[in-house]
Amino acid sequence: MKMKKSFLIRAVMAASLLTASVVTTAQAAVLASLRPLGFIAAAIADGVTPTDVLLPDGQSPHGYSLHPSDLQRMRSADLLVWVGPDMESFMSKSVAQLPPNRVVDLSAIPEVKPLLMAADNQEQREHDIRAHNKIADDQQTAVYDMSVWLSPDIAKLTAIAIHAKLLELMPQKKDQLDANLRQFEAGLTKTDIKLGKMLQPVQGKGYFVFQDTFSYFEKHYGLSPMGRLSVNPEIPPGVQRLHQIRTQLVEQKAVCVFAEPQFRPAIINAVAQGTTVRTSTLDPLGGGIALTKDSYVNFLSHLTSQYVSCLK
């Protein structure tokens, strides 16, 4: 009798856990491909529906492969927000199977297209061509820098697009969604002015980046890198390459060298060794920043602080 009672208790508990799991999975949600898109989505969906991010912290969209659990999350989300096939080519086939009213494709927003910047370097150009050819081998298109979330102007257009889609899906939440969009736009405008003033004193300072990732941010705030060091984060540069880089840094009187989180400290230290150039790290994906209604402006503010502290 005791054994039967124990079995029944375990069965009831298992059923309860399964029910809770189903409820959680079925819960309305916005799923963003990349963390910065999640920052924008979280502001618009605040108090309306949860927001989550597909790629884990530290993962780059270049070379990522979807797991079965990722596919399930994409299918169960009420709204998927992604940059588009030229950035996240690994998602293209799966996104094509979703209803259009449940997807925000930044690269397809009509107002965004005129703001896209051409990819400057050959490495980025070749990568984007390969990614695009997986989608449409027979089409010839311009190759753009798709790090569009680093543009405050494009971020505002993204917020408007997310708001419109959520309004279609949840018209009963109109008042909250409208208030969230107004708050996001007002906060972004205020922060944008503040950051512009912070960056103005360092606009003429020379610096190098390891990759052309921050072009939208730099153009928006009048920053001009002297060049790109073209260093593979996985392979330490050889002696000859290090000498070339150091000569370049000294001759052009660079103040700072900015790397990204994927670069090991040893590479950064080796590049700057023997010079007076300072080093710093810029994270284009905002790793570690929690998803809240203020995430995006916090993300921009953190980048600004990194620029100012190294260039001042």
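Keep in mind it's a predicted model, so treat the numbers as computed, not measured.
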Do [X] side-chain atoms and [Y] backbone N/O form a donor-acceptor pair below 3.5 Å?
{"X": "Tyr216", "Y": "Met117", "answer": "yes"}
{"X": "Asn298", "Y": "Asp294", "answer": "yes"}
{"X": "Ser295", "Y": "Ala290", "answer": "yes"}
{"X": "Thr279", "Y": "Ile268", "answer": "no"}
{"X": "Ser89", "Y": "Pro85", "answer": "no"}
{"X": "Thr49", "Y": "Ala29", "answer": "yes"}

Over 60° means perpendicular and under 30° means parallel, so classify the ring planes of Phe299 and Tyr296, tilted if in between.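 The arrangement is tilted - the two ring planes meet at 30° to 60°.
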Donor-acceptor pairs under 3.5 angstrom involving side-chain atoms of residues 252-261: please list them, not counting sequence neighbours.
residue : atom : partner : partner atom : Å
Glu260  : OE2  : Thr213  : OG1          : 2.6

Side chain to side chain donor-acceptor pair (under 3.5 Å), paired with Asn180, selected from Gln183, Gln176, Arg182: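 By the side chain to side chain donor-acceptor pair (under 3.5 Å) criterion, Asn180 pairs with just one of Gln183, Gln176, Arg182: Gln176.
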CA sep, side-chain torsions, deciding dist, call: Asp192, His220, side chain to side chain donor-acceptor pair (under 3.5 Å): CA-CA 10 Å; Asp192 187 28; His220 185 83; 2.9 Å; yes
To the nearest 0.5 Å, tell me how far Leu300 CG sits from Leu150 CG.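 Here the rounded value is 8.0 Å.
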Hey, could you give me the CD/OG distance between Glu88 and Ser107, rounded to the nearest 0.5 Å?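 Here the interatomic distance stands at 8.5 Å.
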Run the side-chain contact (heavy atoms from CB on, under 4.5 Å) test on Asp46 and Thr51 for me, step by step, so that the C-alpha distance in whole Å, both residues' side-chain angles and the decisive distance to 0.1 Å come before the verdict. CA-CA 8 Å; Asp46 183 56; Thr51 299; over 6 Å; no
Can you tell me if NZ on Lys205 sees more than 12 non-hydrogen neighbours from other groups inside 6.0 Å?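 Count over threshold, so yes.
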Does a sphere of radius 6.0 Å around CD in Gln240 hold more than 12 heavy atoms from other residues, nucleotides or ligands, not counting ones at 6.0 Å or beyond?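 No.
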Would you please name every residue forming a salt bridge (Lys or Arg N to Asp or Glu O under 4.0 Å) with Lys174, sequence neighbours left out?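 Checked Lys174 against salt bridge (Lys or Arg N to Asp or Glu O under 4.0 Å); matches are Asp178.
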Not counting sequence neighbours, which residues clear salt bridge (Lys or Arg N to Asp or Glu O under 4.0 Å) with Asp57? List them please.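 Partners of Asp57 under the salt bridge (Lys or Arg N to Asp or Glu O under 4.0 Å) test: Arg35.
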Residues in side-chain contact (heavy atoms from CB on, under 4.5 Å) contact with Thr275, at least two apart in sequence or another chain: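 If we apply the side-chain contact (heavy atoms from CB on, under 4.5 Å) test to Thr275, skipping adjacent residues, the hits are Arg246, Val250, Ala272, Val277.
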Polar contact flag, side-chain donor to acceptor under 3.5 angstrom, Tyr307-Glu218: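 Judged by distance alone, the side chains do pair up.
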Does the side-chain contact (heavy atoms from CB on, under 4.5 Å) test come out yes or no for Arg102 and Asp78, once each step is laid out? CA-CA 6 Å; Arg102 289 175 49 201; Asp78 284 294; 5.6 Å; no
Once disulfide bond (SG atoms under 2.5 Å apart) is applied, what residue pairs with a partner in residues 147-222 remain, sequence neighbours excluded?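 Residue pairs with at least one partner in residues 147-222: there are none.
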Kindly state each residue pair satisfying disulfide bond (SG atoms under 2.5 Å apart) with at least one member in residues 164-222, sequence neighbours excluded.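 Residue pairs with at least one partner in residues 164-222: there are none.
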Nearest heavy-atom pair of Met226 and Gly206: which atoms, and what distance?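 The pair with the smallest heavy-atom distance is CE-CA, 3.4 Å.
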For Trp149, the option from Pro152, Ser147, Ser151 that meets side chain to side chain contact (heavy atoms under 4.5 Å, CB included):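 The residue from Pro152, Ser147, Ser151 that satisfies side chain to side chain contact (heavy atoms under 4.5 Å, CB included) with Trp149 turns out to be Ser147.
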